[in-house]
There are 2 protein chains.
Amino acid sequence: MEKTSYHHGDLRAALLEAGERLLSETSVENFSLRRVAKETGVSHSAPAHHFGDVSGLLTALADEGFKRLKASMVKFQREAGTSAEEQLIASGRGYVRFAEESPALFRLMFTSQRVATNGDAENTPPILAFQHLVDDVQELWGADPSINSDAMVGLIGCWTMAHGLAELSISGRLSSIRGSEKIDRDALFSALFASQFPSTSPSK
Amino acid sequence: MEKTSYHHGDLRAALLEAGERLLSETSVENFSLRRVAKETGVSHSAPAHHFGDVSGLLTALADEGFKRLKASMVKFQREAGTSAEEQLIASGRGYVRFAEESPALFRLMFTSQRVATNGDAENTPPILAFQHLVDDVQELWGADPSINSDAMVGLIGCWTMAHGLAELSISGRLSSIRGSEKIDRDALFSALFASQFPSTSPSK
DNA sequence: TCCTCCAACTTGTCACTGTCAAGATGCGCA
DNA sequence: TGCGCATCTTGACAGTGACAAGTTGGAGGA
């Protein structure tokens, strides 16, 4: 898909692809718009027309990331049992797995100051990914978290657990704990997620 | 403490102070060594002599941050009850509070690619802060996490909870959850930390 | 007291960055 | 065929980190 003429054809997609590759090779802090352009074989300010500025490109990449985050949760759920508990655990594991597979993208999505937060617009990828988690929680608690405070605590607990595990895992801090290599990772994650479930089910 | 002569006197400390101010005003990604130098009233490459490069200055700032993180945990523990449960909860709340008070510094410490990880040197500020948490866990479980797997799961659970809450809080995502404003923050945090405690004490 | 050394700091330069303005190109449509 | 305009290029500017070479002045020895 090399550039054949003055007009690229699908420059926007090519820039996104090169952008994600560069992001995963370096990090958000070493990201360079000019290098993305160069790797795409295009002039240094070609991206501006499609994304405005560097923040625009990073925001587009983050949006793509949120779609994949949700997809990863769904994928794990498909391969899991059908009970509400198993589904929620699978959801959390998909969340963590996504972070482990795309750490730079995960960091971009959640901790970069250079992505534009889209206000509180509806149906935006970050909202949709979050809503997926909310739905899973609602299924298990049988109540809407925005109304039922037990479900709300469950929602926050599950999200915190997933997000915290993701952060500590991709920073290498989890595996740097002395003695942690003796713990089975799958069992650990399942137990931690289950610790947030309603107290009627004594987990494990 | 203006510069009075060719030799500054305590330039290193002045640069660290200006560096942290700049960090909190912008973020890691917009941090500029030259601006730090300018605000300190010194030439653009004066910092190089004390810190080598930008990574050196940021690493020094991060180390200072880890000392304060530990201090914040200790401070909360002093104001809490003396039981092992209360002490561990206080530790976690000090962790989260530190992040909320110095979000940019917290991000620098945990998610920046520009701070040099000091290998596995002993008695370095990050290790000492982590060890403080380990000690609290060991106190409550009555076992060394590096040997006892229950204590290890507790350690990881508590750390994940603290770190996850810190991340979600300073990114504004916790308070953006619809309906979350009805939850009492203190009670929420305490309940979430307690959910990781040994099952013999049914928490809350 | 003077002298010398050298850590501390400055000045100048380089390649690289993001952004903006102005120009070139060629696709699609009338 | 020829025109309009989205698409892309070229050029310029201020800001960045890093490096090399020069300047300053305090501390310690004779």
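Scope of the values below: all heavy atoms of this structure, side chains included, with no hydrogens, waters or symmetry mates.
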Over how many whole Å does the gap from B:R114 atom CZ to D:dT16 atom P extend? 12 Å
Using the six-membered ring wherever Trp is involved, compare the ring planes of A:F106 and A:F110 and label them parallel, tilted or perpendicular (cut-offs 30° and 60°). tilted
Regarding the side chain of A:L33, the nearest nucleotide among D:dA18, C:dT19, D:dT10 is C:dT19
Pairwise 5' ranking along DNA chain C for B:S43 and A:H44, keeping only the more 5' one: B:S43
Okay, side chain of B:S27, backbone of B:E29: is any donor-acceptor separation there less than 3.5 Å? yes
Pairs touching residues 114-138 of chain A that satisfy ring pair (Phe, Tyr, Trp, His ring centres under 6.0 Å), sequence neighbours left out: A:F130-A:W159
Return the value, rounded to whole Å, for the distance between atom CZ of A:R35 and atom C1' of D:dT16. 15 Å
Any donor-acceptor pair, under 3.5 Å, between the side chain of B:R34 and the base of D:dG17, if you only look at N and O atoms? yes
Nearest-Å distance for atom pair CG/P, residues B:D53 and D:dC19: 8 Å
Against the side chain of A:S45, the closest entry in D:dG17, C:dA21, D:dA20 is C:dA21
Between C:dA15 (C1') and A:K38 (NZ): distance, integer Å: 11 Å
Atom CZ of B:F51 and atom C1' of C:dA8: how far apart are they, to the nearest Å? 14 Å
Is the closest side-chain heavy-atom distance between B:F76 and B:V96 below 4.5 Å? no
Return the minimal non-hydrogen interatomic distance between B:A151 and B:A143, and the atom names on each side. CB-O, 3.8 Å
Interatomic distance where CG belongs to A:L57 and P belongs to C:dT17 [whole Å]: 14 Å
With respect to the side chain of A:S32, which nucleotide from C:dG18, D:dT10, C:dA7 is positioned closest? C:dG18
With the side chain defined as heavy atoms from C-beta on, A:H49 is closest, among C:dT19, C:dT17, D:dC8, to D:dC8
Please report, rounded to the nearest Å, how far the P atom of D:dT16 is from the CD atom of B:E29. 16 Å
Whole angstrom value for the distance that separates P of C:dT10 from CG of B:L15: 10 Å
